[in-house]
Asks: 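Shown below is the structure under consideration.
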Amino acid sequence: MRLGRTFSSTVPTRLFFARHKPFDTSQIPDLTGKTHIVTGASNGIGVITALELARKGSHVVLACRSEARTQAVMDRIVKETGNENIEYMHLEMSSLASIKNFADAVLARFDTLDTLLLNAAIMPPESYTLTADGLESGLGVNCVANAYLSLSLLPLLQQSGPSRIVSVSSEAHKRFRFNLAAMQDPAKYNYWHSYQGSKLALTLFTNELARRLEAQGNNQVLVNTIHPGTVHTDMLRTLLKNASPTMQRFIHLIARTMPVEKGALTSLYTATSPEIVEKHVIGEYIVPLGKIGKCSGEAKNQKHAAELWEFIQDTLSAKAPGYTRSTL
């Protein structure tokens, strides 16, 4: 059940959230005994997300590619929070084999998992590039990898419920019309279109996963998408490097209003707020700072969702070691 169905029809969903003061870290509850996985936690909003989760007592797994870079983040977290219950686990999102190894290790080591925060993403390169598994890099990393990780850890999340999956998307998804064939065509490649399309695909997958879980009577795993705002991160700097001077000035103007500390708040809200469980918030698009927003019509299109779901299942069946098609 989505949030809007839990209230009287006289109390619109957005009005309910609008009454709340903007979310800040003081509203994060005690997380002692909880386990959170944060992908891409070695830079940008992932660092702040992991830091604030640890500050409230969570066992935080920083799932990242570079151990050296992540170690520096963990040293900072321990120094600022005193919480030593944090750890690095290797995860390369451009490799389905790496995702399987990571998921297998998590399933073997943990009895519970409270939240999977799908924060890792790339700004696709200027030239058409393939992942280790032969997927267009934007679609492969920003969507297929996140889908594979979510589906792999879903059994643990289900037995740990109420639990959460948080997909970090972008308003950029609203500027792309879904076309899987075009997204994989080198002749039609544009790095910005790849980013837009991959974030649309991630939002579409997340909505479809929520829908399928609800259709099976799920009341345990709350799956939502968030837009963190325009945040000055490494990804934004990559975009700026390839942008026109006019676009660079415009983005700088916006980005200065959203430092990483603020950019992490919507992820933190969706990952920790008791409201998400109390009001059974699922399949929503949450925007700064803890409000229900609107994803694009493309991201809600059931025909697109079915096509993407089958593409992901076909891709994983063909390329992911030992993958069995989802029964959702």
Side-chain angles (χ1 to χ4, degrees), residues 29 31-41 46 49-50 53-54 56-65 70 83 85-93 95-120 143-168 202 205-226 267-268 270-274 276-277 280-283 309 312-313 316-317 320-328:
L31 300 175
T32 303
K34 304 286 189 182
T35 300
H36 293 75
I37 293 176
V38 184
T39 68
T49 301
L53 292 171
K56 293 295 184 172
S58 174
H59 177 186
V60 184
V61 175
L62 289 79
C64 306
R65 178 176 53 191
T70 308
N83 183 355
N85 197 19
I86 58 174
E87 63 179 297
Y88 163 80
M89 291 183 68
H90 179 74
L91 176 61
E92 171 54 77
M93 294 292 280
S95 166
L96 297 177
S98 177
I99 295 169
K100 176 175 171 50
N101 290 339
F102 173 83
D104 286 349
V106 169
L107 295 172
R109 290 187 48 207
F110 294 95
D111 295 324
T112 60
L113 175 59
D114 295 280
T115 301
L116 173 62
L117 260 156
L118 301 171
N119 173 76
C143 176
V144 176
N146 284 312
Y148 185 29
L149 184 56
S150 299
L151 294 170
S152 298
L153 296 181
L154 190 57
L156 180 58
L157 288 158
Q158 288 175 313
Q159 75 179 40
S160 307
S163 57
R164 314 179 195 204
I165 297 175
V166 181
S167 293
V168 179
L202 175 62
F205 166 78
T206 307
N207 288 342
E208 180 64 4
L209 178 59
R211 188 193 69 78
R212 287 174 181 252
L213 286 169
E214 281 203 295
Q216 289 198 352
N218 164 73
N219 60 1
Q220 294 299 310
V221 187
L222 303 174
V223 184
N224 293 287
T225 307
I226 72 108
S267 292
L268 288 163
T270 312
T272 68
S273 174
I276 301 297
V277 174
H280 198 70
V281 182
I282 183 170
W309 187 271
I312 290 171
Q313 295 302 316
L316 295 180
S317 295
Y323 182 76
T324 300
R325 294 180 77 91
S326 172
T327 58
L328 284 175

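Since this is a predicted model, take the numbers as computed values, not measurements. In this chain, residues are counted from 1 in sequence order.
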Asks: If you apply the rule side chain to side chain contact (heavy atoms under 4.5 Å, CB included), what do you find for Asn146 with Met93, and how did you get there?
Replies: CA-CA 8 Å; Asn146 284 312; Met93 294 292 280; 3.2 Å; yes
Asks: Supply the atom-to-atom distance Leu154 CG to Leu213 CG, rounded to the nearest 0.5 angstrom.
Replies: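 The distance works out to 5.5 Å.
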Asks: How long is the span from the OH atom in Tyr323 to the CG atom in Leu96, to the nearest 0.5 Å?
Replies: 11.0 Å
Asks: Might you point out which heavy atoms bring Leu222 and Ile276 nearest each other, and give the distance in Å?
Replies: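 Minimum heavy-atom contact is CD1-O, 3.3 Å.
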Asks: Indicate yes or no: at least one non-hydrogen side-chain atom of Phe205 is less than 4.5 angstrom from one of Val144.
Replies: no
Asks: List the steps and the verdict of side chain to side chain contact (heavy atoms under 4.5 Å, CB included) for Leu202 and Thr225.
Replies: CA-CA 9 Å; Leu202 175 62; Thr225 307; 5.8 Å; no
Asks: Drop me the distance from Glu87's CD to Thr70's OG1, to the nearest 0.5 angstrom.
Replies: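 Spacing of CD (Glu87) from OG1 (Thr70) equals 12.0 Å.
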Asks: Looking at Cys143 and Ile312, what are the two nearest heavy atoms and their distance?
Replies: SG-CD1, 4.1 Å
Asks: Are the side chains of Thr115 and Leu113 in touch, meaning some heavy atoms are under 4.5 Å apart?
Replies: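 Thr115 does not reach Leu113 side chain to side chain.
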Asks: Is any side-chain heavy atom of Leu328 closer than 4.5 Å to a side-chain heavy atom of Leu209?
Replies: yes
Asks: Give me the atom names and distance for the closest heavy-atom approach of Tyr88 to Arg65.
Replies: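 So the two residues come closest at OH-O, 3.3 Å.
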Asks: Do Ser160 and Thr112 have side-chain atoms, one donor and one acceptor, less than 3.5 Å apart?
Replies: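 Thr112 and Ser160 do not have a side-chain donor-acceptor pair below 3.5 Å.
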Asks: Taking the side chain as C-beta and beyond, is there a heavy-atom pair between His90 and Phe102 under 4.5 Å?
Replies: no
Asks: One pair to check against side chain to side chain contact (heavy atoms under 4.5 Å, CB included): Leu156 and Val106. What are the steps and the verdict?
Replies: CA-CA 9 Å; Leu156 180 58; Val106 169; 3.9 Å; yes
Asks: Please answer whether the main-chain N or O of Ser326 pairs with a side-chain N or O of Gln313 as donor and acceptor at a distance below 3.5 Å.
Replies: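 Such a contact is found between Gln313 side chain and Ser326 backbone.
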Asks: CG of Leu268 to NZ of Lys56: how many Å apart, nearest 0.5 Å?
Replies: 10.5 Å
Asks: Does the side chain of Thr272 reach to within under 4.5 Å of the side chain of Pro29, using non-hydrogen atoms?
Replies: yes
Asks: Locate the shortest heavy-atom distance separating Ser317 from Arg325; write the atom from each residue and the value.
Replies: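 For Ser317 versus Arg325, the nearest heavy atoms are OG-CG, 3.2 Å.
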Asks: Work out which heavy atom in Pro321 is nearest to a heavy atom in Tyr148; give both atom names and the distance.
Replies: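 Residues Pro321 and Tyr148, closest heavy atoms: O-OH, 4.0 Å.
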Asks: Using the six-membered ring of Trp309, assess whether NZ or CZ of Arg212 lies under 6.0 Å from its centre and within 45 degrees of the ring axis.
Replies: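 Geometry flag: set, cation within 6.0 Å and 45°.
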Asks: Does Asn224 use its side chain to pair, donor to acceptor, with the backbone of Val281 at less than 3.5 Å?
Replies: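 At least one qualifying donor-acceptor pair exists.
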Asks: Is the shortest heavy-atom distance from the side chain of Val166 to the side chain of Leu118 under 4.5 Å?
Replies: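 No, too far: nothing below the 4.5 Å cut-off.
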Asks: Can you tell me which residue pairs pass the salt bridge (charged side-chain N to carboxylate O under 4.0 Å, His left out) test with a partner in residues 32-41, sequence neighbours excluded?
Replies: Lys34-Asp114
Asks: Without swapping roles, check the side chain of Gln159 against the backbone of Asp111 for a donor-acceptor pair under 3.5 Å.
Replies: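 Pair found, side chain donor or acceptor close to backbone of Asp111.
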Asks: Would you call Leu31 and His36 a side-chain contact if the rule is heavy atoms closer than 4.5 Å?
Replies: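 Side chain of Leu31 against side chain of His36, heavy atoms only: contact under 4.5 Å found.
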Asks: Hey, is the main chain of Leu91 close enough, under 3.5 Å, to the side chain of Ser98 for a donor-acceptor pair?
Replies: no
Asks: Taking atom CZ of Arg164 and atom CD1 of Ile282, what is their separation to the nearest 0.5 Å?
Replies: 12.0 Å
Asks: If every non-hydrogen atom of Thr39 is compared with every non-hydrogen atom of Ala120, which pair is closest and at what distance?
Replies: OG1-N, 2.9 Å
Asks: Given side chains that start at C-beta, do those of Val61 and Val38 come closer than 4.5 Å, heavy atoms only?
Replies: no
Asks: Donor-acceptor pair, Ser58 side chain versus Ala54 backbone, under 3.5 Å?
Replies: no
